[in-house]
Amino acid sequence: MTSQTHDKVVIVGGGPSGTAAAAELARHGLKSVIIDEAPKLGGVIYRGPLRQTDSLPHLDDNLKRAMTALQTRYQAHSDSIEVKTQTRVLGPEGSNQLLLSDNTGLSRQPYGHLILATGCHERSVPFPGWQLPGVMLLGGVQLQLKSGLVRPGQRMALVGTGPLLPLVACQLHKAGVDVVGVYEASPFAKLAKEAVALLNKPKLTLSGMSMMSYLKKHKIPFKYGWGIVSAQGKEQLSSIQVAPYDSQWRAQRDLAQQVDVDAIGVGYGFVARTQLAMLLGLDHHYSKVSGYVPVLDEWHQSQNHEAFVVGDSNGLLGADAAICEGQLAALRLAWQCGKITESQLSARATKVKNKLARIKKFRFGFDRFSDRQSGLLSLAQPETVVCRCEQVRREQLDEAIAQGVKDITSLKMRTRIGMGDCQGKTCSSYALDYLHQAGLTENIGVIKPRFPLDPIPFTLME
């Protein structure tokens, strides 16, 4: 095991917020190290293809420009930014030090200052048949298209909520997939009420309208107030049932329709990826939209003053907001290190904060539109598996709660939910929502991450 020493700022995550922070630091004479588990920078949204291609006809021009801008931002300051790709952070080890894993073995990464830009992961919503091959989360569908350059299926439907639905539907169609339907859980009337909020980002709003026009032009059905009921198939997915949802997102099963597909994308939201922040001992609070997120000040700095948390790892605001947050954290660090004066900090930060405020107003409009309703939890039937690692069924949660379980730790001990290799990334959000639905809202806790965050192969052990 090797150990390195230097005085650079360590940034965990090479997506929009991490690269923006590194570039801003470099502008003020501070060097940094970006650590990312992927083969290239950009994060899920801007990473792009992992192999050479002549064209990307399935991606819109705005996305291509944003991907190019991120690479330009990095290249302009590459002399001040060290990049470690295909490297996982397993957790903190000792004081001001991270344990890393890559294909050469284990190493230690010291830090003087730390910026966490770990992003988010998708929120899993169990329903009958959700484990069938062909049932994918929406972000996974995008990764196959954008990074893998493969079609996730031939005949697909999309179900869920939020702005990713029309975007991915257009991308799939441009890639040659037969998109047979898009089912948005919220009613259109709820979106119409957010018109003022959406005007805070007029270009994005116009882009969304353009996507809807594209779907209409190509006769791709887009149904508001509809969602998934179940998936069917023997060895793999062959069909799904969709139905209208009521105001609480309870499926009206008597009106269900069957749709023949070989793959679907399911997107009912995301959860902030905060496992590393928790292991570092940062305080967290619960957000219905984002899950457990760190407690931060206006500069996205934690009560542990060596750590900043930026981007979707502190709340789900999207790539533009993530860039602003990375810049704010870097500016604060530059001031703390004596690289800029307080007046320079204020002048630059005011512009960034004003931009971030507009983005938040826009995003909060979509959050209200896509506000997850309790009826979604009723999709899982008693026999439906809700924790795939430990094969825990919904009826086991019901039994534990009926016996007096009132918090997530007791539920974990009683049912083994969250005790698998994924450490609850897949099931913890459902379990927390299920406890809330049962009326248990006080001191229910969180499934705490364990060190190491990822299994260590024996081949890497000394």
Side-chain angles (χ1 to χ4, degrees), residues 122-130 135 137-138 156-166 168-169 179-195 197-198 208 212 215 220-232 239-261 264-271 287-291 316 364-386 393-395 397-398 401 427 429-441:
E122 295 188 78
R123 180 182 294 276
S124 295
V125 176
F127 54 85
W130 73 302
V135 178
L137 295 174
L138 210 52
M156 294 187 64
L158 301 180
V159 297
T161 187
L164 265 186
L165 284 176
V168 177
V179 182
V180 297
V182 184
Y183 302 90
E184 161 64 60
S186 282
F188 178 77
K190 200 171 179 181
L191 179 62
K193 291 180 181 178
E194 301 299 336
L198 300 185
M212 297 303 294
L215 297 178
I220 298 172
F222 194 105
K223 292 190 175 184
Y224 288 95
W226 281 67
I228 190 70
V229 176
S230 61
Q232 295 80 39
S239 66
I240 60 171
Q241 278 198 323
V242 292
Y245 281 7
D246 67 13
S247 61
Q248 296 301 308
W249 291 12
R250 287 184 293 262
Q252 300 179 50
R253 298 175 187 272
D254 57 326
L255 299 176
Q257 297 178 2
Q258 180 170 308
V259 182
D260 293 333
V261 292
I264 61 169
V266 183
Y268 287 101
F270 296 82
V271 181
S287 159
K288 182 183 177 183
V289 174
S290 309
L316 308 174
F364 290 163
F366 263 114
D367 287 346
R368 289 187 291 268
F369 167 65
S370 300
D371 185 28
R372 199 172 61 261
Q373 302 299 312
S374 60
L376 203 60
L377 299 175
S378 65
L379 290 176
Q381 299 302 294
E383 68 280 3
T384 303
V385 169
V386 296
R393 303 179 305 279
R394 199 207 76 186
E395 60 189 357
L397 303 191
D398 293 333
I401 292 172
C427 62
S429 298
Y430 180 85
L432 287 167
D433 286 347
Y434 207 69
L435 287 169
H436 280 132
Q437 186 192 45
L440 305 168
T441 58

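Numbers for residues simply follow the sequence, beginning at 1.
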Between [X] and [Y], is any pair of side-chain heavy atoms under 4.5 Å apart?
| X | Y | result |
| --- | --- | --- |
| Ser230 | Gln232 | yes |
| Leu198 | Phe366 | yes |
| Val180 | Val259 | yes |
| Arg393 | Thr384 | no |
| Thr161 | Trp249 | yes |

Does [X] reach the main-chain N or O of [Y] with its side chain, forming a donor-acceptor pair under 3.5 Å?
| X | Y | answer |
| --- | --- | --- |
| Lys288 | Asp433 | no |
| Tyr245 | Ile228 | yes |
| Gln241 | Ala231 | no |
| Arg394 | Ala380 | yes |
| Ser290 | Leu316 | yes |
| Glu184 | Val182 | no |
| Tyr430 | Leu377 | yes |
| Trp130 | Val266 | no |

Determine, step by step, whether Glu194 and Arg368 satisfy the salt bridge (charged side-chain N to carboxylate O under 4.0 Å, His left out) criterion, reporting the C-alpha distance in whole Å, the side-chain angles of both residues, the deciding distance to 0.1 Å, and the verdict.
CA-CA 8 Å; Glu194 301 299 336; Arg368 289 187 291 268; 2.9 Å; yes
Spacing of [atom1] belonging to [X] relative to [atom2] belonging to [Y], to within rounding of 0.5 Å:
| X | Y | atom1 | atom2 | value |
| --- | --- | --- | --- | --- |
| Ser378 | Gln373 | OG | CD | 12.0 Å |
| Leu376 | Gln248 | CG | CD | 11.5 Å |
| Arg250 | Leu379 | CZ | CG | 11.5 Å |

Can you give me the closest heavy-atom contact between [X] and [Y], atom names plus distance?
| X | Y | value |
| --- | --- | --- |
| Ser239 | Asp260 | CB-OD1, 3.6 Å |
| Val229 | Val242 | CG2-C, 4.0 Å |
| Gln381 | Pro128 | CG-CG, 3.8 Å |

Which label fits Phe369 and Tyr224: parallel for a plane angle under 30°, tilted from 30 to 60°, or perpendicular past 60°?
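Phe369 and Tyr224: perpendicular rings.
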